[in-house]
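Notes for the one structure printed next.
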Protein chains: 2
Amino acid sequence: MEVAVKKLLKSYHLRSTPVRKQVLDLFIQTSHALGKANIEAELDEIDRITLYRTLRTFEQKGIIHQAIDGSGKTKYALCSHECSEHEHHDHHAHFYCTRCEKTVCMNSITVPKIDIPDDFQIASAQLILSGTCKNCQR
Amino acid sequence: MEVAVKKLLKSYHLRSTPVRKQVLDLFIQTSHALGKANIEAELDEIDRITLYRTLRTFEQKGIIHQAIDGSGKTKYALCSHECSEHEHHDHHAHFYCTRCEKTVCMNSITVPKIDIPDDFQIASAQLILSGTCKNCQR
DNA sequence: CTTGATTATGCAACAATGTTGCAGCAAAGA
DNA sequence: TCTTTGCTGCAACATTGTTGCATAATCAAG
């Protein structure tokens, strides 16, 4: 897997550095979206600023996307394969569990077609769902 | 109008203070959502912490709601009349213009019914649209 | 109109997050 | 191995979020 991550980075024209490999690997192994605090907790000793820039770079390259969930914290999740540097395709829903505070991408749910006044040009649409997830229900 | 704002505050069981009147008045006169920085710029000399608490209070009482727009900044807008302390009804879309960075509520657009896996209990749903608004198109 | 109970304000202080500049170091290809 | 290019980590600072506390203002009762 070490090799896979390396290849992945290379395919995005990014250098394989320890930080990037760790962060990317963490995203691959995690099923929910991750905030900076989460990542810093998982990867001890990681530099705050380097992480900030790593996430920014990954986002620009289309490796990860922001998972806006209304929690006020910026979270990120792996993009689906159609994302690229030039176009993000994160038009799926994000579900935020208010109990465990985890956010997951729901790739199966895409944002329905919306009827908009002509005055507005829509470039992207996102759907935020919140409630309680399976694990948090009794 | 001075009187109207006062009455409005009273109807929410809030004391009429200069700060609250100013902030509420600003919301009434503004057609788009406002972030803390916007408000501080408009109302010079306003105390940062007081503003923070004022917004929190207004939100709790159902006077304003957060307009999440993916910009990373928390913005607020007036609630429609159906909101109360106990239930927010901000299930309309928010449109974020990436050029002028203004966010507007689109009360006419409600979030469509979504088909969700049984595992999840949805408590609320929000729709974020972004692109360019009328003014920012040439 | 005064007064007293209650609530709001503003300051201090701190945490978390976002952001840039820069010097030194590491990666990738020649 | 060397050189170029890009990444890292530190310093430094801005913005936002948040709580405690003493003082001041509001509002209703008298």
Side-chain angles (χ1 to χ4, degrees), chain A residues 2-3 5-26 33-61 63-76 85 101 103, chain B residues 2-3 5-26 33-61 63-76 85 101 103:
Chain A
E2 169 72 11
V3 183
V5 170
K6 213 165 169 174
K7 262 191 175 174
L8 193 50
L9 283 170
K10 187 161 187 177
S11 75
Y12 284 102
H13 305 291
L14 291 174
R15 289 189 181 173
S16 280
T17 67
V19 172
R20 288 179 176 172
K21 282 187 281 188
Q22 282 178 80
V23 173
L24 185 49
D25 201 55
L26 183 60
L34 294 166
K36 289 188 173 62
N38 300 139
I39 300 173
E40 284 179 53
E42 287 300 323
L43 309 177
D44 210 34
E45 301 274 311
I46 197 171
D47 181 70
R48 209 174 65 84
I49 293 100
T50 303
L51 175 58
Y52 164 73
R53 281 191 274 227
T54 300
L55 293 174
R56 189 178 56 180
T57 303
F58 282 5
E59 192 191 1
Q60 284 169 350
K61 294 288 182 178
I63 303 174
I64 60 178
H65 65 273
Q66 287 195 14
I68 297 158
D69 63 4
S71 70
K73 293 178 183 173
T74 310
K75 293 178 185 170
Y76 298 87
E85 186 163 357
E101 299 188 330
T103 303
Chain B
E2 169 72 10
V3 182
V5 170
K6 212 164 169 175
K7 263 191 174 174
L8 193 51
L9 284 169
K10 189 162 187 178
S11 75
Y12 284 102
H13 305 292
L14 291 173
R15 289 191 180 169
S16 278
T17 66
V19 173
R20 288 179 178 172
K21 282 186 280 186
Q22 282 179 80
V23 173
L24 185 50
D25 201 56
L26 183 59
L34 293 166
K36 288 189 174 62
N38 301 137
I39 300 173
E40 283 180 53
E42 288 299 323
L43 309 177
D44 209 33
E45 300 275 311
I46 198 171
D47 182 68
R48 208 174 68 82
I49 292 101
T50 303
L51 176 57
Y52 165 72
R53 283 191 274 226
T54 299
L55 293 174
R56 189 178 55 182
T57 303
F58 282 5
E59 191 189 2
Q60 283 169 352
K61 294 289 180 176
I63 305 175
I64 59 174
H65 64 273
Q66 287 195 15
I68 297 158
D69 63 4
S71 71
K73 293 179 185 175
T74 309
K75 293 178 186 169
Y76 298 87
E85 187 163 357
E101 298 186 335
T103 304

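The sequence lines fix the lettering, A, B, ..., with proteins before strands; numbering per chain opens at 1.
- dA15(C) atom P lies 15 Å from atom CD of Glu40(A), rounded to whole Å.
- The local environment of NZ in Lys73(A) is sparse, with at most 12 non-hydrogen atoms from other residues, nucleotides or ligands closer than 6.0 Å.
- At a threshold of 4.5 Å between non-hydrogen side-chain atoms, the residues Gln22(B) and Ile46(B) do not count as touching.
- Counting to the nearest Å, the P atom of dA8(C) and the CD atom of Gln60(B) are 11 Å from each other.
- For residues 40-52 of chain A, the side-chain hydrogen bond (donor to acceptor under 3.5 Å, both in side chains) pairs, not counting sequence neighbours, are Asp47(A)-Thr50(A).
- Atoms CD (Gln66(A)) and P (dT17(C)) sit 14 Å apart, rounded to a whole Å.
- Nearest heavy atom pair, residue Ala33(A) against residue Asn38(A), reads O-OD1, 4.3 Å.
- Taking 4.0 angstrom as the limit, Tyr52(A) places none of its side-chain polar atoms (N or O) nearer than this to OP1 or OP2 of dG18(C).
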Leu14(A) and Phe58(A): side chain to side chain contact (heavy atoms under 4.5 Å, CB included), yes or no, with the steps? CA-CA 9 Å; Leu14(A) 291 174; Phe58(A) 282 5; 4.0 Å; yes
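- Phosphate contact (OP1/OP2 of dA16(C), side-chain N/O of Lys73(A), threshold under 4.0 Å): absent.
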Footprint string (nucleotides 21-30 of chain C, 5' to 3'): B base within contact, S backbone only, - free, heavy atoms under 4.0 Å: BB---BBSS-
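- Summarising the geometry, the separation between CG on Asp47(B) and P on dA24(D) is reported as 15 Å, rounded to the nearest angstrom.
- Separating the CG atom of Asn38(B) from the C1' atom of dT15(D) is a distance of 13 Å, rounded to the nearest angstrom.
- Contact check for Ile39(A) versus Leu55(A): side-chain heavy atoms found under the 4.5 Å cut-off.
- Each end of the helix from dC1(C)-dG30(D) to dA30(C)-dT1(D) gets its own rotation axis from five pairs of C1' atoms, and the angle between them is 30° to the nearest 10 degrees.
- Tyr76(A) has its OH atom 11 Å from the P atom of dT17(C), to the nearest Å.
- Atoms CD1 and OG1, on Ile49(B) and Thr54(B) in that order, are 11.0 Å from each other to the nearest 0.5 Å.
- Atom CZ in Arg48(B) sits about 9 Å away from atom P in dG17(D), given to the nearest Å.
- The nucleotide whose nearest atom lies closest to any side-chain atom of Arg20(B) is, among dT20(C), dT17(C), dA8(C), dA8(C).
- Of all nucleotides listed (dT8(D), dT19(C), dC10(D)), dT8(D) comes nearest to the side chain of Val19(A).
- To the nearest 0.5 Å, atoms CD1 (Ile68(B)) and OG1 (Thr103(B)) are separated by 11.0 Å.
- The two atoms that bring Ser16(A) and Lys6(A) nearest to each other are OG-CG, 3.0 Å, heavy atoms only.
- A sub-4.0 Å separation between OP1 or OP2 of dG17(D) and a side-chain N or O of Lys36(B) is present.
- Atom-to-atom, CZ of Arg56(B) to P of dT9(C) comes out at 12 Å; the value is rounded to the nearest Å.
- Between Thr74(A) and the phosphate of dG18(C), there is a side-chain N or O to OP1/OP2 separation shorter than 4.0 Å.
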